[in-house]
Every structure is written in structure tokens, then in C-alpha cells.
There are 2 protein chains.
Amino acid sequence: MEIIIDIEDSEPLFAQLVTQIKQAVLSGKILPGDSLPSIRQLAGDLRLNNKTVAKAYRLLERDSVIEAKGYRGTFIHPQAVANSTVDINDIITRKLGDTIQALRTSGATDSEIRIVFAELMKAHQEQGVNL
Amino acid sequence: MEIIIDIEDSEPLFAQLVTQIKQAVLSGKILPGDSLPSIRQLAGDLRLNNKTVAKAYRLLERDSVIEAKGYRGTFIHPQAVANSTVDINDIITRKLGDTIQALRTSGATDSEIRIVFAELMKAHQEQGVNL
DNA sequence: ATATGTACCATTAGTACAAATGGTACAACT
DNA sequence: AGTTGTACCATTTGTACTAATGGTACATAT
């Protein structure tokens, strides 16, 4: 498995990692059950900070593409292939886009939408929910 | 009609104007058909910039609380009373809140939602839609 | 001439967030 | 002792937005 990180790319480093690992799963270069390098090792190989790799792993586990098993290491999830095709960003773009379009049609300005959005996100965060 | 602007208030100046004019309509202090001071005059009286008052008038006209008739001046809209109770922010909060809640339930992180939201708003703006 | 709403040009200050970095520490296990 | 994922403490850089300000200009009317 070969991962190439381009620090000049506008795509964030952690996102490049996520994309390439999903691609490797879809193309069969890595199979369900295979083990992945540890966060620290991969960060060292790619010359990235541990936190950057940890963030990518965290998102991949949220999508059930990988499984973190603590001290035993991290492995490709049994349903990784199917889950690699599901892009949460597509879902967000579709649902959120529909809602925004409806609000604009109702006469709401972009500025008003932005302000309410910020309030909604802030209110949630103050109740102790974070990533 | 008496308008008091508090520059120490955290509520934006243009929003204070909008709120107070709607309140005056609801309480019957100003009636449909009444004329409003011109943008320049009101800005002078309240010691605000013309643009700030113009912004408030623009939003009030969007909500059909007032009617701008060009060189003839600005007047209270015939349906102003009913339209003063409709708060576009409530509509936005409800619809947008529902969508965000659904996305969070789907596993989306707040950060991901924020990024997609910014992209959607930016894409729209680049097509020449502004307020 | 004067007044109206409106539409551009622009700047300033403040706020908020993403992304990435660095360091320290923990429990659980070999 | 050493490794695993994870969870905190923190900072820096860049971006992007709001709100408000100032000035200029326009067509349309009295």
C-alpha cells in the first residue's frame, strides 16, 4: 500500500489520508481484516504529526472503514468496502443544500441564514458535544 | 414615534431599527399608510450612517412591513401588522435546526457540517447573488 | 435645485473557525 | 520496558464573515 501526501495540495492532509485509504479499500489493495500501521508509525513515515493521522483514523472509524482495537492495533473493517462508497459529505451536501435552497426561496438572505446557522452550531457545542 | 438606538447593545444597530419599527407597527403607534422618514433624515436624527438605515429599510421591505416608493418616500405596508409578526429568523431556525439535527444523527460531525455549509454558501455567492 | 431610494467603489475592527503543529499522560496489553 | 489508541494541555497561520463606516453616482420625480 502506497500513500502519497502532497502538502501543496489545497485538500487538507487528513482528508488526503482518508481518501487514499478508502480508495485502497475499494480497489482491493487492502482487504478486510488487514492491519494498518499504527498512528505513530504512519505519521513518522509520512512526516506528519501524530494528531493529523489520528484525525484521519478517527474519521475512518466513524465511517466503519477501519476498526481500532486499542493496543492490538487497527484493522480494516469487515464491511469496509461497502462503507467506503458512502461519503458523508455527499449526504450533508444534499440535505443541507435542499434546506438552504428552500430558505432562500422563502426570502431569507444568505446573511440571515449564516447567522442562524452559527447560533445553532454554537448552542449545540455549549452543551458539551465536540469532535 | 420614538426610536432609541443603543450603540452599547450587542444587537446590531440595523437590527435594533428593524425590531423597533415592527414593534411600533404591532402596537399601533404607526399605522398602514403612514409615511416614514427618509433614509438620510433618519440616519441624521439617530446619528447613524445612511447605509445602516438603508439596510434596515431593505429588510423591512423584504418582509413587506414597509413599501419604498422611490422619490415619493417610504410608507407602512397595508399588511404591515400581519407581516410584523412573521419572523423569518424563526422559520430559518426551525428548518435549519431540523436538518442539522438529522445530519448529526447520521454521524456527521459539526466540523464537517460547517465546511459543507461554507462551500454551499460560497458557491451561491459566486453566481452573483448578494444582499 | 432638491429630495427620494438605490447601487456601486472602498476600508476598519472584531469574531470565529479550520488545519496543523507540539507536548504530556493515561490504561491496557505484550 | 515498550506499543497501542486516546485524551488532554496549548499555539500558529490563514481564511472568511459581520457590522459599520465613508464617498460617489444614478434615474426619477417635485
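Here the structure is a predicted model, which means the values were calculated and not measured. In what follows, every chain begins at residue 1, and chains take the letters A, B, ... in the order their sequences are listed. What's counted below: heavy atoms across the whole structure, side chains too, no hydrogens, waters or symmetry copies.
Spacing between atom CZ of Arg114(A) and atom P of dC17(C) amounts to 14 Å, rounded to whole angstrom units. In this entry the distance linking CG of Asp110(A) with P of dA19(D) reads 13 Å, nearest Å. Rounded to an integer number of Å, the gap from Tyr71(B) OH to dT2(C) P is 20 Å. Counting to the nearest Å, the C1' atom of dA16(C) and the CD atom of Glu119(A) are 14 Å from each other. Per the geometry, CD1 belonging to Ile39(A) stands 16 Å off C1' belonging to dT24(C), to the nearest Å. Note: CG (Leu42(B)) to P (dG5(C)) measures 10 Å, nearest angstrom. Look at CG on Asn50(A): it is 17 Å from P on dC8(D), rounded to the nearest Å. Atom CZ of Phe75(B) is separated from atom P of dT4(C) by 11 Å (rounded to the nearest Å).
You'll find the side chain of Lys22(A) reaches within 4.5 Å of the side chain of Val18(A), heavy atoms only. Side-chain contact between Leu59(B) and Ile88(B) is absent, with no heavy atoms from C-beta onward closer than 4.5 Å. Between Leu13(B) and Leu46(B), the closest side-chain pair of non-hydrogen atoms is not below 4.5 Å.
Nearest-nucleotide positions on DNA chain C for Glu112(B) and Gln41(B) put Gln41(B) closer to the 5' end. When each of Phe14(B) and Ala118(B) is assigned the nucleotide of DNA chain D with its nearest heavy atom, Ala118(B) is the one assigned upstream, toward the 5' end.
Residue Glu67(A) is out of contact with every strand shown, counting any heavy-atom pair closer than 4.0 Å. As judged by a 4.0 angstrom heavy-atom cut-off over every strand, Glu61(A) is placed among residues touching the sugar-phosphate backbone only.
For Leu48(A), the listed nucleotide lying nearest its side chain is dT21(C); candidates were dT21(D), dT21(C), dA19(D). The Lys122(B) side chain lies nearest to dA16(D) when the options are dA16(D), dT21(D), dA20(C). You'll find that the side chain of Leu13(B) is closest to dA20(D), out of dA20(D), dG5(D), dG5(C). Of the candidate nucleotides dT6(C), dA20(D), dG5(D), dG5(D) has the atom lying nearest to any side-chain atom of Thr74(A). For Ser38(B), the side-chain atoms get nearest to dG5(C) when compared with the rest of dG5(C), dT6(D), dA19(D).
Side-chain atoms of Lys51(B) and base atoms of dG22(D) include a donor and an acceptor less than 3.5 Å apart. The base of dG5(D) lies outside donor-acceptor range of the side chain of Arg72(A), with no N or O pair under 3.5 Å. Residue-to-nucleotide contacts include a donor-acceptor pair under 3.5 Å from the side chain of Arg40(A) to the base of dT6(D).
At dA19(D), one or more side-chain N or O atoms of Lys55(B) fall inside 4.0 Å of OP1 or OP2 (strictly under the cut-off). At the phosphate of dT18(D), OP1 or OP2 sits under 4.0 Å from a side-chain N or O atom of Ser111(A). In this model, the phosphate group of dA20(C) is not approached by any side-chain N or O of Asn49(A) to a distance below 4.0 Å at OP1 or OP2. Phosphate proximity of dA19(D) to Thr52(B): absent, as no side-chain N or O sits under 4.0 Å from OP1 or OP2.
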Subject >> Verdict with reasoning, Lys122(B) to Glu119(B), per side-chain contact (heavy atoms from CB on, under 4.5 Å) >> reply: CA-CA 5 Å; Lys122(B) 193 171 187 179; Glu119(B) 285 171 357; 5.8 Å; no
Subject >> side-chain contact (heavy atoms from CB on, under 4.5 Å) between Asp110(B) and Arg104(B), intermediate numbers included >> reply: CA-CA 7 Å; Asp110(B) 281 16; Arg104(B) 283 172 177 152; 3.0 Å; yes
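Hydrophobic clustering, with ILVMFWY side chains joined whenever heavy atoms are under 4.5 angstrom apart, groups Ile66(B) together with Leu26(B).
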